[in-house]
Novice: 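Quick one: the structure is below, questions incoming.
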Amino acid sequence: MENLVEISNLSVSFDVRAGLFLRKIGTIKAVNEVSFSIKKGEILGVVGESGCGKSTLARLLLRLIEPDSGSIVFNGNDILQMPRKKLQQERRHMQMVFQDPYSAMDPRYTIFRSLCEPFQIQNVAFAEGERRKKIDALLRLVGLNPEHGFAYPHALSGGQKQRVDIARVLALSPQFIILDEPTAALDVSVQAQIIKLLEGLRERLNLTFLFISHDLSLVSYFCDRVIVMYLGRIVENIAADSIGKRPHHPYTQALIESIFQPDPSQKSSTILEGEVPSPFNLPLGCVFSSRCKYVQPICREQRPTLHKTEEGGQVACHFPLY
Amino acid sequence: MAFLEVKDLEVEFQVDKKPVIPLKGISFEMNEGEVLGIVGETGSGKSLTAHAIMGLSAMSGGKIRGSVKFAGQSLLDLSEKAMQSIRGSQIAFIPQNPMTSLDPVYRVGDQIMEGLLNHADLSKSKAKQQVLDIMEKLNIPKAEHVFQQYPHELSGGLKQRIVIAMGLCANPRLLIADEPTTALDVTVQAQIVRLFKEITVSKGIGLLLITHDLGVIAQICDKVAVMYAGNLVELARIESLFGSPRHPYTQALLNCIPSIGMKQGSLAAIYGNVPSATDCPDGCPFHPRCPHSFSTCESTMPTLIQIEGGAKVACHLYQENQE
């Protein structure tokens, strides 16, 4: 299958400023030489702890932030070379659902008006009465009623708001949707509803997703392939169904071990010590070397590069587990 | 006699001059040193239960009915002053969000010490030594240095440890923790949960753990109470609850959790939404979403009854078998 999105060597860093004159006191490399591709119709998951650069990566893909270097090819076109106007038109094919459904909508707009916005921005003209039909259809598509269009965001539950967000993203019939922790603020039963909805939409509309989450169980269930990030770098790129069987990177393994199974007979035994180090002074060698239980002297000195695994994934580790 | 005995606990608030009852008469017991988990979704009344036990929901204008007996004392009958001496020294509360429960302008060490000085007649230097001991027990690295730091200088996991230290410093017999790991990353969550397990076992402290995460419950609790729309629907030992969940809501909730190795498309969802406290259906609150519901469920609220195997469940499916 052909690739819809191709990212190579994408990096971005932010200046950190402090003091009265906001003097630059350092830089944080939020996303560091990241390369991957997404096939048409695939769900690619991105997993990692807070501060690993997953949300920054999402913003880079839509060019909401300008990267320092690298390239983003979407549908054969390099987004980074595009003039602003062309980019804005291209964005109708790539959309994003944000993490917090509560702040993603204007509280003063009715749901109907919020759903009209994408069409206004892209200058889509409607015949008389067509607009209402289109928006009613969108609401039905995400499992809501046309009556919900009259409501204001505060009158909806968290799950309903997330459905509206998804409807708004679907308005322009995009090919590619970035989902940035779309269920992090929701209860498990509501999360399950939203995941079922996304599964159905993917089937019906032939969508490609980039799904960002901190929840490895959810990612491994919902996605086809998963990228594990740590401190701005990809440490492993793995097929979702081999996560439970053959994780290659010690960090992937540690993430799996930290998951609490809802099963008292499976108590987690080994626990990853320490916390994610400050991104200010990254370790010289492997980013994970300060917490890795298999660490060797070479890990602290030399940075491992991503290399292919037997199963067709990639891993950045001097001593992969398999 | 049970260590903590909650009976028909009910909380009522006035909303637009109409009574709203978000907690509808729940009863459970806890033995000394036991770890009881309360699990439920947003709005199920789990935090409110904790606040009611501590006498905190009265402060926000709620009316509390029923009884809470702790070590033979009836907490709801105590004066505010007597209650104050119990809070912290006998029952400690660990609030949900460590980011907002620490005062940003005080050093964290002083904040931990505050509770200790309120409850024990100690000199400052002795109190400090005790605080440092607790911090070390909680695996806080360089305790002496962290003592002098401000909350914004600490990571989320460290802040959570500080809040736990605040709860533990006056040697309480019961710890009530409200979603203590929700804001943390998975690897840090695993560390904190292990810490809770160690403390409760080594000091024999009872722990009432409130969470929405059934995974955390399975790791450290002895018993679990499942709440739905202000009602306690199932109360069982964890082996029984996870092994053979009885209430249809518990069954459905467990099926909503994705796990590694699960086939795509096989996740089950519960149809519909959790009812709000102002608009709760008659009868069993779960009946509009329940796959097994029948006519009785629409009119009569099932009571919590004991069934075979020691579990308690509030569901007409089991009530009928009893009669």
Side-chain angles (χ1 to χ4, degrees), chain A residues 43 47-52 157-160 185-197 199-200 203 214-224 240-241 243-245 247 251 254-276 278 291, chain B residues 39-44 139 141 155-158 181 183-191 193-194 197 212-222 224 237-243 249 252-274 276 289:
Chain A
I43 307 182
V47 72
E49 294 179 277
S50 24
C52 74
S157 69
Q160 287 171 330
L186 307 174
D187 278 316
V188 275
S189 74
V190 186
Q191 165 174 292
Q193 291 176 354
I194 297 291
I195 293 294
K196 295 299 278 183
L197 172 69
E199 280 174 344
E203 197 98 324
H214 64 278
D215 183 344
L216 187 61
S217 326
L218 180 63
V219 164
S220 76
Y221 162 73
F222 182 61
C223 302
D224 302 316
D241 48 17
I243 286 181
K245 296 171 217 147
Y251 180 60
L255 279 181
I256 295 168
E257 282 167 354
S258 336
I259 297 172
F260 291 146
Q261 296 298 338
D263 178 359
S265 61
Q266 283 184 39
K267 303 245 155 135
S268 81
S269 46
T270 42
I271 285 176
L272 186 62
E273 295 297 336
E275 290 184 36
V276 182
S278 148
R291 294 171 85 192
Chain B
V39 70
E41 295 182 273
T42 313
S44 60
N139 297 329
S155 68
L158 218 44
T181 60
L184 305 174
D185 275 321
V186 278
T187 57
V188 181
Q189 163 171 293
Q191 296 165 10
V193 165
R194 185 178 57 180
K197 208 165 166 177
H212 66 275
D213 188 337
L214 281 159
V216 172
I217 298 268
Q219 287 296 310
I220 58 169
C221 294
D222 303 313
V224 51
R237 298 200 64 80
I238 54 166
E239 297 81 12
S240 146
L241 188 105
F242 290 97
Y249 175 64
L253 197 60
L254 283 166
N255 285 334
C256 286
I257 306 171
S259 66
I260 288 181
M262 203 165 165
K263 249 189 80 176
Q264 269 185 354
S266 61
L267 194 70
I270 312 178
Y271 171 79
N273 297 309
V274 178
S276 79
R289 308 173 75 189

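No experiment lies behind these values; they were computed from the predicted model shown. Naming convention: chains lettered A, B, ... in sequence-line order (proteins, then strands); numbering from 1 in each chain.
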Novice: Taking every heavy-atom pair that is under 4.5 Å apart, which of Ile243(A), Leu255(A), Val188(A), Ile43(A) has the most such pairs with chain B?
Specialist: Val188(A)
Novice: Going through the distances and angles, do Ser258(A) and Gln189(B) end up as a side-chain hydrogen bond (donor to acceptor under 3.5 Å, both in side chains)?
Specialist: CA-CA 8 Å; Ser258(A) 336; Gln189(B) 163 171 293; over 6 Å; no
Novice: Main chain of Ala218(B), side chain of Gln266(A): is a donor-acceptor contact present, judged purely on distance under 3.5 Å?
Specialist: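 Here the side-chain-to-backbone pair does not exist.
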Novice: According to salt bridge (charged side-chain N to carboxylate O under 4.0 Å, His left out), who are the partners of Glu49(A), at least two apart in sequence or on a separate chain?
Specialist: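 Glu49(A) satisfies salt bridge (charged side-chain N to carboxylate O under 4.0 Å, His left out) with Arg291(A) only.
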Novice: Please tell me if the side chains of Pro258(B) and Gln191(A) come closer than 4.5 Å, counting only heavy atoms from C-beta onward.
Specialist: yes
Novice: For chain B, find which of Gly200(A), Ser217(A), Ala240(A), Pro262(A) contributes the most heavy-atom pairs closer than 4.5 angstrom.
Specialist: Pro262(A)
Novice: Any donor-acceptor pair under 3.5 Å linking the side chain of Lys196(A) with the backbone of Ala269(B)?
Specialist: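 It does not hold such a pair.
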Novice: Return yes if some donor-acceptor pair links the side-chain N/O of Tyr221(A) with the main-chain N/O of Ile257(B) below 3.5 Å, else return no.
Specialist: no
Novice: Under a plain distance cut-off of 3.5 Å, with no hydrogens placed, do Asp224(A) and Gln264(B) share a side-chain donor-acceptor pair?
Specialist: yes
Novice: Ser220(A): what forms a side chain to side chain donor-acceptor pair (under 3.5 Å) with it, not counting sequence neighbours?
Specialist: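 Residues passing side chain to side chain donor-acceptor pair (under 3.5 Å) with Ser220(A): none at all.
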Novice: Is a salt bridge present between Lys263(B) and Glu199(A), judged by a nitrogen-to-oxygen distance below 4.0 Å?
Specialist: no
Novice: Distance-only, no hydrogens or angles: does the Gln261(A) side chain make a donor-acceptor pair with backbone N or O of Gly215(B) under 3.5 Å?
Specialist: no
